[in-house]
Participant: 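What follows is a single structure, and I will ask about it in a moment.
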Amino acid sequence: MNRYAEIIVKNNSIHTDTVYSYKIPDHLEDILKPGHRVLVPFGRGNKPVEGYIFRIGRITNECPDNMKDIVDVLDENPIFSENQLELIKWMRNRYLCTYMDCINVMHPKGINIKNYRVVYPGEKISRISDAEIYEIIKNLSENEKKVIESLLNGKERIEENKIRGIENLTELLYRMKNKGLIQLKWEYKSRKNEKKLCIVSISDEIENIDIYIEKNKIRLGKRQKDIIEFLKLNDSSEINDIMEILKVSSRSIKSLSEKGLVKFRYEDYYRRPDSVYQSDRKKIVLNEEQKYVSETIKNEMFDEGKKPYMIHGVTGSGKTEVYMDIIEYALSQGLDSILLVPEISLTPQTVARIKNRFGDIVGVFHSQLSEGEKHDVFKSVENGDTRILIGARSAIFAPFKSLGLVIIDEFHESSYKSEKNPKFSTIEVARFMAYKWKITLIMGSATPSVEEYYRTENGEYKLLEIKKRANEKPLPKIETVDMREELEYGNKSIFSRKMIKEIRNAYEKGEQSIVFLNRRGYANFVSCRSCGYVAKCPNCDISLTYHKGINSIRCHYCGYEIKMPAECPECKSPYIKPFGTGTQRIEEELQNLIPGIKVLRMDKDTTSKKGAFDDILKRFSKKEADVLVGTQMITKGLDFDNVTVVGIVSADMMLNFPDFRSFETTFQIITQVAGRAGRAQKDGKVILQTYNTEHYAIKNAMDYDFESFYRNEIKIRKAFEYAPFNNMISVVISGENEGIVKRNIHSMYNSIVYLLKERGYTDFEFMLGPNPCPISKINRNYRWQILFRDEGVEINLLKGIIRYVCITKRDSVFDKNINISIDINPNSIL
DNA sequence: AGCACGCCGACT
DNA sequence: GTCGGCGTGCTC
């Protein structure tokens, strides 16, 4: 025994987030590899817990002297490759999270360890006669007697949780242990969460089942005869099917197997979620631009020094076709692919197209799957049954054996940044994989993010452009309406005359329109005109949104909901009314202004039920409605032939959002929504309402001029030292008691300043705060924040100090019941 | 975090 | 002597 392993122990605690060393017993020496999942004794009680081998080495005197032995290996093969282990370490460091945070996202749990304490006789009652035991029991307390009796009934062994009717059992057991009455040991079972199919067929050795039965004088019951007859016709069948069709029990099938007549074969069952959306299989020929992009990437696929690619293609440029062409090539070279999409449930059309083209080797992965389902999908990836995986951000971690290609579609979308630990950026992870593992990385968008586009300018990515739409149609013309002029004219409605005219025209011609507004509900706040009262959520620092159908006001953060008050709760005046506009109101106004028009609404409220999203899309594409009103959801990848008018109700709402990315988001959303129009043969038209007709984000979007927008925006980013010129770290402290939260964030601030001073820093300009977050309360939790900018400070030192203060020394710096959230380059700092 | 264990005070 | 409660310190 001269080898040991460095192991991460499975524990949801930041206190155990380190490497532990264990000795490798001789019988496991040839088996264990880095990435293997093992069982190790942990803590004073040697409780068996799951661990992950990160490194194996020869035992030297550097090793801790109290190493314990690895108990067992949990899987036949390592669950992580060396590459993945490297990625785990990198992520933990990059996103200031724990090893387990990373492991959890990379390995959906399929097998759980169940561990429990078991009671055994202690030395005092071992190897002695019944009479002697009786003598001892006589002097024990009631509860102690109970334990010993159950122990003797249980054949000298009983699991703790099988002993019933004793309060504070664990403490009693420890006392009995100290007296030598009993021993306590930890034991475990591993429970598989993998669903298997059991395939039943007639045993291979039997040539003719009827003759065999007669020869061997086997007697069969009626049910059993039925099963044999069924199997003669059906060759092999799944056991549950047989039970259902023939109405027989599993017992009858088992007894056939005991008689040697049938055999079982187990197959993996992948709970593969199927998209219901169907699309026609069209033979597509790539046009010149598309072909150029595709060929460039294919030609360089095996170049060591290739860079990641950014495809900047206008909306409707047929990027998906290009992706499929490249995926097909990769496949022909024996390479597997991952295609990431922002939100899988919002892109059923894309999924359907790819499944149609590539069939069964396409898998789908997204966050709404259960842990077991995720495990199954990853399992089928590992086995090689799935060779193309479409999914949301965590699909990037799929354990492909020969991954060659990662495509991030609509890479500017914010959903590629995780909000949960590890708070990883999918683009950063993909880039890590591209550089370290020589994978082809393609990022595609019609509206690249300023940060990533900056990298193409720096030469980090290779830029490939598609400037023409696949259908050769020009991009729909965007016309702005100055809402100030509308107001001067006396139009106080939410719609300009022009927008209504265009929607009406389309309606009369039998064409469809899409109206976009990024706010759901009926009205965004409820206020009293006489005293100025605004209805707020008692749990969050958010004004409540009015929902008309149910006549109530609701918080979009925590779900709090009350009936719409008839009078102002403050001044009792009846002038309390909803203000502002949401999608519900748009729907209603449209129906008032254009009688007879049919409107479908698509937002979080109408798509919360499973399948509702698909349903609305189907109904709209079957022309059951003339207008589709919706929020963000309708900006992504929707493809309708008959849509000729797109209305953007208020560009200002996005423009005035308190975030440094708000201009960028405005530009992106306008471009994306506009791209929904005129996708087939008919021309499209876009009406954009705004009070800021002169703003560059709006003017550049009108001309589809990304280049100019980028030039304008990057100047501002540079002037204020925002991304991409800077990294930002946000630390948010939250808790139910505002005073405690405040005290905690101040002591954190002081600790960090203290440590920085020790390192010779005197200037702390790069620390902003502590301040209350813009949304100062969510779900009863008060929130305070410190923002760190990567300017005038060594970033790795700063990260090290943050980790030390917020994680390593958490207990001495912070109170118990507060939450700490650390986010590197967060999407929003609200 | 989760666990083992030790110490204290209340109660038979 | 027993029982329950709580605080503490450690995890290869």
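The chains referred to below are lettered A, B, ... by the order of the sequence lines, with proteins before strands, and numbering in each begins at 1.
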Participant: Parallel, tilted or perpendicular: which describes the rings of A:Tyr99 and A:Phe54, with under 30° parallel and over 60° perpendicular?
Facilitator: perpendicular
Participant: Need two values: the first and the last nucleotide of DNA chain B, 5' to 3', having an atom under 4.0 Å from any heavy-atom of chain A.
Facilitator: B:dA1 to B:dC5
Participant: Between C:dG1 and A:Ser141, is there an OP1 or OP2 to side-chain N/O distance shorter than 4.0 Å?
Facilitator: no
Participant: Would you say the side chain of A:Met100 lies within less than 4.5 Å of the side chain of A:Asp17, judging by non-hydrogen atoms?
Facilitator: no
Participant: Enumerate the residues from residues 813-820 of chain A whose closest heavy atom to DNA chain C is under 4.0 Å, giving them by residue number; use none for an empty result.
Facilitator: none
Participant: What is the minimum heavy-atom distance between A:His366 and A:Lys374, and which atoms define it?
Facilitator: O-CE, 3.9 Å
Participant: Can you name the side chain to side chain contact (heavy atoms under 4.5 Å, CB included) partners of A:Asn779, sequence neighbours left out?
Facilitator: A:Cys558
Participant: Identify all pairs in which a protein N or O lies below 3.5 Å from an N or O of nucleotides 9-12 of chain C, and state each distance.
Facilitator:
| residue | atom | partner | partner atom | Å |
| --- | --- | --- | --- | --- |
| C:dG9 | N2 | A:Arg44 | NH2 | 3.3 |
| C:dT11 | O3' | A:Gly43 | N | 3.4 |
| C:dC12 | OP1 | A:Tyr22 | OH | 2.9 |
| C:dC12 | OP2 | A:Gly43 | N | 3.2 |
| C:dC12 | OP2 | A:Lys68 | NZ | 2.3 |
| C:dC12 | O3' | A:Ser21 | O | 2.6 |
| C:dC12 | O3' | A:Lys68 | N | 2.7 |
| C:dC12 | O2 | A:Ser21 | N | 3.0 |

Participant: CG of A:Asn143 versus P of C:dG1: gap in Å, rounded?
Facilitator: 19 Å
Participant: Could you tell me whether A:Arg117 contacts a base, only the sugar-phosphate backbone, or nothing, with contacts defined as non-hydrogen atoms closer than 4.0 Å?
Facilitator: sugar-phosphate
Participant: I'd like to check the salt bridge (charged side-chain N to carboxylate O under 4.0 Å, His left out) partners of A:Lys436; sequence neighbours left out, ordered by chain and number.
Facilitator: A:Glu86
Participant: Mind checking what makes ring-ring contact (aromatic ring centres under 6.0 Å, His included) contact with A:Phe378, not counting sequence neighbours?
Facilitator: A:Phe365
Participant: Under the ring-ring contact (aromatic ring centres under 6.0 Å, His included) definition, can you give me all pairs with a residue in residues 31-50 of chain A, not counting sequence neighbours?
Facilitator: A:Tyr20-A:Phe42
Participant: Whole angstroms only, please: what is the CG-C1' distance between A:Asn168 and C:dT2?
Facilitator: 12 Å
Participant: Mapping A:Arg810 and A:Thr170 onto DNA chain B by nearest heavy atom, which one lands closer to the 5' end?
Facilitator: A:Arg810
Participant: Hey, which sits more toward the 5' end of DNA chain B by its nearest nucleotide, A:Trp186 or A:Asp811?
Facilitator: A:Asp811
Participant: Just wondering, do A:Leu87 and A:Phe397 contact through their side chains at under 4.5 Å, heavy atoms?
Facilitator: yes
Participant: Tell me, please, which residues at least two apart from A:Asp69 pass side chain to side chain contact (heavy atoms under 4.5 Å, CB included).
Facilitator: A:Met1, A:Lys23, A:Pro25
Participant: List the residues meeting side chain to side chain donor-acceptor pair (under 3.5 Å) with A:Asp823, not counting sequence neighbours, and say none if there are none.
Facilitator: A:Lys417
Participant: Per the side-chain hydrogen bond (donor to acceptor under 3.5 Å, both in side chains) rule, what does the pair list look like for residues 171-180 of chain A, sequence neighbours excluded?
Facilitator: A:Arg117-A:Tyr174, A:Glu144-A:Lys179
Participant: Hey, could you give me each pair passing salt bridge (Lys or Arg N to Asp or Glu O under 4.0 Å) that has a residue in residues 726-755 of chain A? Not counting sequence neighbours.
Facilitator: A:Arg743-A:Asp815
Participant: How about A:Val118 and A:Glu160: do any of their side-chain heavy atoms sit closer than 4.5 Å?
Facilitator: no
Participant: Between residues 172-183 of chain A and DNA chain B, which residues have a heavy-atom gap below 4.0 Å?
Facilitator: A:Tyr174, A:Lys177
